[in-house]
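To start, the structure under review is shown below, and the notes come after it.
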Amino acid sequence: MKTTLLFPGQGSQYVGMGKFLFVRFESARRAFEEASEALGYSVSRLCFDGSLEELTRTENAQPCILTVSIAAYRVLLENLDIEPYYCAGHSLGEISALTAAGALSFTDAVRLVRLRGRLMQESQQEGEGGMLAVHRLDSSVIEAECGRPDVRGTVAVSNLNGGGQIVISGLQRSLNRISENLTRLGGRVVPLNVSAAFHSPLMKEGAAKFAAELSRIHFQPLRHWVLSNVTALPYPDENFIPALLAEQMVSVVNWQGCMRFLVERETDRMIEIGPGNVLGNMLRREKAASCLIQSTDQEDDWRNLLSAGGRMARGTNYDAYLKAALCAKNYNVIDTASEYMNLIAEPFRELERLASGARKGESEGADWKNLVVSALDKILEIKKTPSLRREDILNRLGEEGGNVHNVQYA
């Protein structure tokens, strides 16, 4: 079963989130304790006993949501033999997904998202900016309204959420003006409970400071594929994380594109890891009915997950080749980013095709083993992986699968 883990963003918070996990599971309590130690205040108190107003402040909401998500992730791994194939997170949730995939430590992550929340809030004066969720209108109509001369440059599309919802961000005076026009055109417009224009060019100053902080973090190779909100594609490797996370602050969150990517790749199961079920509900509106969608928010959700049948099978050997391709460090400092992506796209597609066929139970072709080795070898060559390291990766995978490749390079 190909499983994707989805991590929610800001707006999913509520007082009491994560309390069942905290009471029931030691690993969840440790996550809250680690976050509290890193931040210098009690995260559990803020989540369970604080006011909604205090919790909703951006610099509080972001580390609290990440903590609940990682606590749920740890409990999930403890109790189900699950190997996620993809991880994806909405806005803030992308950092939760990267943390779950091993790109950065949990303590680094909670400090990072607290700073992110603070920078996003400080990018504008209180009440100067805002966001509107728009329903029942095509994106082209909304973009045309954002481009009108009287609001151009002060409003922009910020989230393509799918399920018929598009979010725009901007200065409050411009949002008031455009809201009337969108309603007149047949749209349903809902103001969001935020006080800044997130994911828009108005976050430029905060994004620059965030990029400086990201440059100081040593990101680790990813254990799982993680989708970028900016590209709606998996990160090629950890070296792309700083630039894409900084760009996310001023760019459209293409969540609809991320979900389309997952559905097209025949994801069997999606589990929302963290508070609420907003992402699952948006996915259901996209009519991905063939995909099992589960939550981890309430006690009943966990009861269903943990009683669903014990252990789930891990990925095939072909999945291991894909994972090795993703996790291999990129030593290529010669090609530009676009050249690198063009070179590496075809062998990655070949690996994915073989893994997908194996997962669906297709008869293994006589040339499959040679093809999978060749594709991974090509990726390692493009990444300029040292020869001895390439040998070790390919031979280890062959031995684990019962097929000794005896790869050697001069």
Side-chain angles (χ1 to χ4, degrees), residues 2 4-5 7 83-89 93-106 108-109 112 210-211 213-249 251 254 257-258 261-262 265 315 318-355 372-394 396-397 407 409:
K2 189 194 282 189
T4 293
L5 304 183
F7 294 85
E83 185 75 11
Y85 196 82
Y86 294 110
C87 293
E94 187 172 325
I95 300 177
S96 303
L98 289 165
T99 305
L104 72 167
S105 71
F106 175 50
D108 280 346
L112 183 67
F210 192 52
E213 181 64 25
L214 288 165
S215 69
R216 289 191 274 270
I217 296 177
H218 179 62
F219 290 98
Q220 301 296 322
L222 296 159
R223 293 194 296 262
H224 316 297
W225 299 100
V226 177
L227 300 190
S228 162
N229 285 183
V230 174
T231 65
L233 294 169
Y235 280 88
D237 61 46
E238 73 276 12
N239 296 309
F240 288 76
I241 294 173
L244 287 174
L245 282 184
E247 186 177 351
Q248 191 221 71
M249 281 184 66
S251 298
N254 189 3
C258 291
F261 176 94
L262 295 171
R265 279 149 185 82
Y318 291 96
D319 286 334
Y321 280 85
L322 263 175
K323 187 170 293 185
L326 174 65
C327 293
K329 182 176 179 179
N330 182 20
Y331 295 89
N332 188 339
V333 296
I334 299 172
D335 296 315
T336 65
S338 60
E339 289 170 340
Y340 173 81
M341 294 293 284
N342 287 335
L343 287 170
I344 212 163
E346 185 176 346
F348 261 118
R349 280 195 294 268
E350 177 73 344
L351 282 180
E352 193 168 57
R353 180 186 69 80
L354 294 166
V372 76
V373 173
S374 176
L376 176 55
D377 192 28
K378 182 65 175 176
I379 289 168
L380 297 177
E381 179 185 348
I382 293 166
K383 289 189 172 191
K384 308 296 184 188
T385 304
S387 297
L388 289 175
R389 180 62 180 147
R390 285 166 67 185
E391 291 175 20
D392 177 66
I393 291 170
L394 290 164
R396 175 177 51 79
L397 286 169
V407 176
Y409 297 99

For the residue pair [X] and [Y], establish whether any side-chain heavy-atom pair is separated by less than 4.5 Å.
{"X": "P236", "Y": "F348", "result": "no"}
{"X": "I241", "Y": "I217", "result": "no"}
{"X": "C258", "Y": "N229", "result": "yes"}
{"X": "R265", "Y": "K2", "result": "yes"}
{"X": "Y321", "Y": "L354", "result": "no"}
{"X": "F7", "Y": "V226", "result": "no"}
{"X": "L112", "Y": "L214", "result": "yes"}
{"X": "I393", "Y": "R389", "result": "yes"}

Who are the ring-ring contact (aromatic ring centres under 6.0 Å, His included) partners of F219, not counting sequence neighbours? none
Sequence-distant partners of [X], side-chain contact (heavy atoms from CB on, under 4.5 Å), two or more places apart:
{"X": "L326", "answer": "L222, W225"}
{"X": "E339", "answer": "D335, T336"}
{"X": "K383", "answer": "D237, A328, N330, Y340, I344, I379, T385"}

Rounded to the nearest 0.5 Å, how far does [atom2] of [Y] lie from [atom1] of [X]?
{"X": "Y235", "Y": "L244", "atom1": "OH", "atom2": "CG", "result": "5.0 Å"}
{"X": "R390", "Y": "D392", "atom1": "CZ", "atom2": "CG", "result": "13.0 Å"}
{"X": "N332", "Y": "I382", "atom1": "CG", "atom2": "CD1", "result": "8.5 Å"}
{"X": "L98", "Y": "E238", "atom1": "CG", "atom2": "CD", "result": "11.0 Å"}
{"X": "D108", "Y": "R216", "atom1": "CG", "atom2": "CZ", "result": "12.0 Å"}

Check [X] against [Y] and note the closest heavy-atom contact, atom names and distance.
{"X": "A97", "Y": "G89", "value": "CB-N, 4.1 Å"}
{"X": "G257", "Y": "A232", "value": "C-CB, 3.6 Å"}
{"X": "Y85", "Y": "H224", "value": "O-CB, 4.4 Å"}
{"X": "V230", "Y": "S251", "value": "CG2-CB, 4.4 Å"}
{"X": "Q220", "Y": "G102", "value": "CB-O, 3.3 Å"}
{"X": "F106", "Y": "T99", "value": "CA-CG2, 3.9 Å"}

Is a donor on one side and an acceptor on the other found under 3.5 Å between the side chain of R223 and the backbone of C327? no
Chi angles and distances behind the side chain to side chain contact (heavy atoms under 4.5 Å, CB included) call for T4, F261: CA-CA 11 Å; T4 293; F261 176 94; over 6 Å; no
What pairs with S374 under side chain to side chain donor-acceptor pair (under 3.5 Å), at least two apart in sequence or on another chain? none
Side chain to side chain donor-acceptor pair (under 3.5 Å) with N342: which residues, sequence neighbours excluded? none
Could you go through Q248 and F210, starting from their C-alpha distance and side-chain angles, then the distance that decides it, and tell me whether this counts as side chain to side chain contact (heavy atoms under 4.5 Å, CB included)? CA-CA 11 Å; Q248 191 221 71; F210 192 52; over 6 Å; no
Any salt bridge between E346 and R349, counting N to O under 4.0 Å? no
